[in-house]
Amino acid sequence: MNMRVIAVFALMGILLAIVGMVQSWNVAFNILNLCVISAIMTLGVNMQWGYAGLVNFGVMGFVAVGGLAAVVIAMPPVEAAWQAGGGRLMLGFGVMAVVIAVATAFWRMTKHRLSRRARYIIMAAILVLGYGLVRYITDAAVVAIEAVEPAKSGYLGGFGLPILLSWAVGAVVAGIVAMLVGRIALGLRSDYLAIATLGISEIMIYILKNEDWLARGVKNVSGLPRPVPYEIDLQQKAWLNQLAETSGQSLANASSIIVKLCYLSLFVAVLVGLFWLAEKALRAPWGRMMRAIRDNEVAAEAMGKDVKGRHLQIFILGSAVLGLAGAMLTTLDGQFTPHSYQPLRFTFLVWVMVIVGGSGNNYGAIIGGFIIWFFWIEAEPIGLWLMDALTAGLDADSPLRVHLLESAAHTRLMTMGVIMLLVLRFSPKGLIPEAKR
Amino acid sequence: MVDIINALVLIANFIVVPGLTYGCQLGLGALGITMIYSVLRFSNFAHGEMMSFGAMTTILMTWWMQAQGISFGAVPTALFALPFGIVAVIALTLTADRLVFRYYRSIKAPPVTMLIVSMGLMFFLGGLIRFIIGPDDQNFFDGQRFIINARQFKEMTGLNEGLAIKTTQGMTLILAVLMVGFVFWFLRHTRTGKSMRAYANNEDLALLSGINPERVILVTWVITAFLVTLAGTLYGLDKSYKPFTYLSLLLPIFASAIVGGIGSPIGAILGGFVIAFSELTITFAYKRVLGYLLPQSLEPQGLMQLLSTDYKIALSFLILVLVLILKPTGIAGGKVI
Amino acid sequence: MSFLIGKDMVAGYGGATILKGCTIGVEQGEIAVIVGPNGAGKSTAMRALFGLLDLTSGAVMMDGQDIGALKPQMRVQLGMGFVPQTANIFTELSVEENLEMGAFLHPDDFADAEEQVFELFPILREKRHQLAGELSGGQRQQVAVGRALMTEPKILMLDEPTAGVSPIVMDELFDRIIDIAHQGIAILMVEQNARQALEIADKGYVLVQGENRFTDSGKALLADREVRQTFLGG
């Protein structure tokens, strides 16, 4: 760790302290919590881009998969829904697996035996018939499941397990999804990979939005169980009452800050653990090989390195980290809202973090996550303050002043763009450049 | 016989007319993507926002004209505000090139870097647009709503089914044909257009022939400005203008360009129609069409829809992904990155 | 002093110096050929003369004027035409459009210049509307030379124009190159087919490891025993 890293982290601390004093400590800790989650996402993308040069624009999808894991693990099962159509739905999935297996087997076995055209036609027939059959079985099941108390549940529910477990499950599931996506898309080069992963992540979000039996779609799942105490319970505790009194905070405030601190300690533990692992991996022969592949793919391939295999490996690892971050985020929010997954917020913003922080360097990635998240949230109040100051000379109801104050919220997109363009131009290796190893 | 005509009218009304319109809008966008890709050699992620910017300036001009009491009767005022939007976008693209992209060209940055840079521009433009016009829906259509509406059509023909053609749909078709025709003519028959194709095909040899790259790039941005303004405004006029939608349009547009074969202008247009029509045909409920065509006893019970309308846009991504995997050069045989 | 001359050129890529002070010159109306073993720096010398590669030391003069600081595009304007070894045509443009791009700087003279190219290579007239990328190897080389001629060069530089074409096509191409030289254009080319190239050369340069080993008329080099044994395989 060098002076620059320490200086930037110290600056970050000061900024948060200012927010704590000027706005409120609640806001400050809220920002900090999301900074940590952002940093974890950034670590994930940094593995793919910084270590291996892979452009994954599907961040949003993997984060959402992690969020789904939180729902499926932690929510209690909806027995009525299982009875209404659970069995039939599972049967449908079974049939789907059989159809895929049959199609794959057919494709492999007939490679040299049938004409190209016949193969395509029969393959299409298998898929269309299979699709029809699966739809025939599942449609009724889905209708039945979604009819079970649609206002409250209308989905299968989860396993009712501790939500912390979902962090691991989210990582694993995101990794599995990444394996499928990677097999399809990793053969493509840079630009295409970016566009393909962006497209795949959109498809994933569409499925989450529309398959109500899974996680209620756009009706959202709220009230996820927490890994930390509830404010209401804390407020009954004598020690908190005392703490609130001595610190001069209201009871509600104090309890909410304590809850945020609990989350924070969990998140920081994960971040530190991941960071340690990532650093260790980067310094290990494995990390050297990754960089060698990134810097000169052709040479690495010529030296007998399994470039494709390594790429798939890092793609899975990075995506698993994204899934973990997604599960953590949903845990913190206490709800799963598919429509909130926007590429701007979950894909492009994370990329700004990686670019600004400095790709290929884990410190940089974390710093990028912190700084960009901070400004993403604080650009609005700062912009408002700035507009207010700039237009102070104008009448309170001057149309220009009104417009500028109303639009201040949108300065944050502009700020992100400007920061990113400036960093790319004048410090293309980011705030904390990749160390020479 | 009447049944068959009714079924055809139904299909024309719900698939052919909207498909042609949407296909034109996508094609105009994709043509811009493909030109930038061939000449500047990167995938422009700011393309959607550029379209939005063009639509926004056109809207502002339309409002101003409306406020001045300038009206063109049945024809939407926006049509006359378009040239101003185009000029604004030319200014925008040239400024962006001068301040942002030129530097990366001079250091011969790899395409991925350019792509990420264009993402920065996307953020900036997105913010700028919302800052100026706000994030909400804006309506700027005026003039006559329909060229022909369903009721008139039914009265004229005596059929059960109506065929409606909106003014915006007619406008889209005419302007798109004119614009695309012009671009193709320009690329085929003018010296500058040929030099653009030459530069796109073989940069080094173009330099050896005395072609000035900066001029080729300038012309490319100007044509792109025409295309994005037209695409953005027509889409906004036909559906509705909302800054947010233009980011989501980016993927279908990329899909069109890639499906057609990136780098191929004709491919971009074809790709636009492939995407538009597959979205519509796969999510259209064929119940009523089959109702006309099949004997009563066979009349279908369900909607006869291959995929629910919710998946409309996801479908274009699916096509994109399939093309990328199966035939990355697209239907018209473009380049592979 | 030759019409075009690269004097004591030192140049290379990255750290490696490839040209170690070699001198190449050519007169108008004359054919000069650079031959030598692989890695001798033949193509590098050509690129250095054209400005595609910066010189560490030495000078490039054309018609008595120092052009060492000029970009390749400027040298094209001054009358240097270049036919690269690979990617030397616009594959996605028609034959005629290829020629038109060659005449980009002199659009007014296009018709005359095109007529001259068609007289030199009649097959191109026939195929003028076909995509250049669809032509055969020999025809592509004709398009490439034709495009360079359209820049109205005073000197034409060809980097291995006969690479990958059949012997018959090669002879034909050499005949055309002689025709071009007779029009008063200086010709400088790098050739793998050293023996045949030296036969038509007024001047030959044998480069070895970035230095001039032998310099003489083509005939004299062909007659030289050492040159024959070492570089021409007997």
Side-chain angles (χ1 to χ4, degrees), chain A residues 49 53 55 57 131 135 139 181 184-185 187-207 209-210 217-218 342-344 347-349 351-352 354-355 379 383 403-404 406-425 428, chain B residues 37 42-43 45-46 49 99-100 103-104 107 109-117 119-135 243-244 247-248 250-252 254-255 257-258 262 302 306 308 310-322 324-325 328 336-337:
Chain A
W49 167 242
V55 184
F57 272 8
Y131 178 74
R135 277 284 297 267
D139 275 6
V181 172
I184 299 171
L188 305 165
R189 291 291 6 116
S190 53
D191 290 39
Y192 274 20
L193 179 61
I195 296 166
T197 45
L198 186 62
I200 292 173
S201 73
E202 290 278 7
I203 295 173
M204 284 152 76
I205 300 301
Y206 268 91
I207 293 174
K209 276 184 186 166
N210 290 297
V218 287
Q342 306 283 353
L344 200 65
T347 296
F348 297 122
L349 190 64
W351 268 86
V352 178
V354 174
I355 298 295
H403 177 80
L404 284 179
E406 269 179 11
S407 307
H410 306 297
T411 46
R412 75 175 181 188
L413 279 179
M414 262 193 280
T415 318
M416 290 305 131
V418 171
I419 293 180
M420 192 172 166
L421 289 175
L422 288 178
V423 167
L424 277 166
R425 176 79 157 76
Chain B
Y37 184 82
F42 71 97
S43 306
F45 269 70
E49 301 303 329
L99 293 182
V100 182
Y103 166 75
Y104 297 96
I107 61 165
V112 190
T113 308
M114 300 281 268
L115 182 158
I116 291 171
V117 168
M119 196 174 94
L121 187 64
M122 173 189 92
F123 267 94
F124 176 76
L125 284 181
L128 183 68
I129 289 161
R130 286 163 179 78
F131 188 77
I132 295 175
I133 203 167
F244 176 76
L247 180 61
S248 5
L250 189 62
L251 260 180
F254 266 122
I258 291 173
I262 199 154
L306 286 169
S308 111
D310 300 330
Y311 284 105
K312 201 176 198 167
I313 297 188
L315 192 73
S316 65
F317 308 150
L318 192 68
I319 297 172
L320 165 69
V321 173
L322 285 178
L324 279 177
I325 298 157
V336 188
I337 303 180

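Letters go in sequence order (proteins before strands), and every chain restarts at 1. Since the model is a prediction, treat every value here as computed from it, not as a measurement.
Taking CD of E202(A) as the start and OG of S316(B) as the end, the distance is 9.0 Å to the nearest 0.5 Å. Rounding to the nearest 0.5 Å places CD1 of I258(B) at 5.0 Å from OH of Y192(A). A distance of 12.5 Å separates CH2 in W351(A) from CZ in F123(B), rounded to the nearest 0.5 Å.
E406(A) does not touch chain B: none of its heavy atoms, backbone or side chain, sits under 4.5 Å away. L320(B) touches chain A through its side chain: at least one heavy atom from C-beta onward sits under 4.5 Å away, while N, CA, C and O do not. For P110(B), no part lies under 4.5 angstrom from a heavy atom of chain A. Looking at L315(B), there are no atoms closer than 4.5 Å to chain A (heavy atoms on both sides), in backbone or side chain. In this structure, the portion of L251(B) lying under 4.5 Å from any heavy atom of chain A is its side chain and not its backbone. With a threshold of 4.5 angstrom between heavy atoms, R135(A) approaches chain B through side-chain atoms but not through N, CA, C or O. For chain A, the nearby part of V321(B) is the side chain; its heavy atoms alone come within less than 4.5 Å. Interface remark: M114(B) contributes no atoms to any contact with chain A (heavy atom separation under 4.5 Å).
What you find for P111(B) and D191(A) is that their closest heavy atoms are CB-OD1, 3.9 Å. Looking at every heavy atom in both residues, G120(B) comes nearest to M420(A) through CA-SD, 3.7 Å. Scanning all heavy atoms of the two residues, the minimum distance from Y104(B) to L421(A) falls at OH-O, 4.2 Å. Closest approach of L115(B) and A194(A) over heavy atoms only: CD1-CB, 4.2 Å.
Using a distance-only test at 3.5 Å, with no hydrogens or angles considered, no donor-acceptor pair links the side chain of H410(A) to the main chain of G126(B).
For the set G134(B), S248(B), P135(B), A255(B), the count of heavy-atom pairs under 4.5 angstrom toward chain A peaks at P135(B). Taking L349(A), T415(A), I207(A) one by one and counting their heavy-atom pairs under 4.5 Å with chain B, the maximum is reached by I207(A). In terms of non-hydrogen atom pairs under 4.5 Å with chain B, the most contact-rich of V55(A), V418(A), T197(A), L198(A) is L198(A). No other option in I355(A), L404(A), L344(A) has as many heavy-atom pairs under 4.5 Å with chain B as L344(A). For the set L250(B), L99(B), T113(B), V112(B), the entry with the most heavy-atom pairs within less than 4.5 Å of chain A is V112(B).
The shortest distance between side-chain heavy atoms of L125(B) and M414(A) does not fall below 4.5 Å. Contact of the S407(A) side chain with the R130(B) side chain is not registered, since no non-hydrogen atoms from C-beta on lie closer than 4.5 Å. In this structure, S43(B) and I195(A) have side chains that are in contact, with non-hydrogen atoms separated by less than 4.5 Å. Using a 4.5 Å heavy-atom threshold, the side chains of I116(B) and W49(A) count as touching. Within the 4.5 Å cutoff, side-chain heavy atoms of M119(B) are placed close to those of F57(A). The closest side-chain heavy-atom distance from Y103(B) to L424(A) is not below 4.5 Å. Counting heavy atoms from C-beta on, the side chains of F131(B) and T411(A) come closer than 4.5 Å.
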Note to self: Between L413(A) and F124(B), is the side-chain contact (heavy atoms from CB on, under 4.5 Å) condition met? List the steps.
What the structure shows: CA-CA 6 Å; L413(A) 279 179; F124(B) 176 76; over 6 Å; no
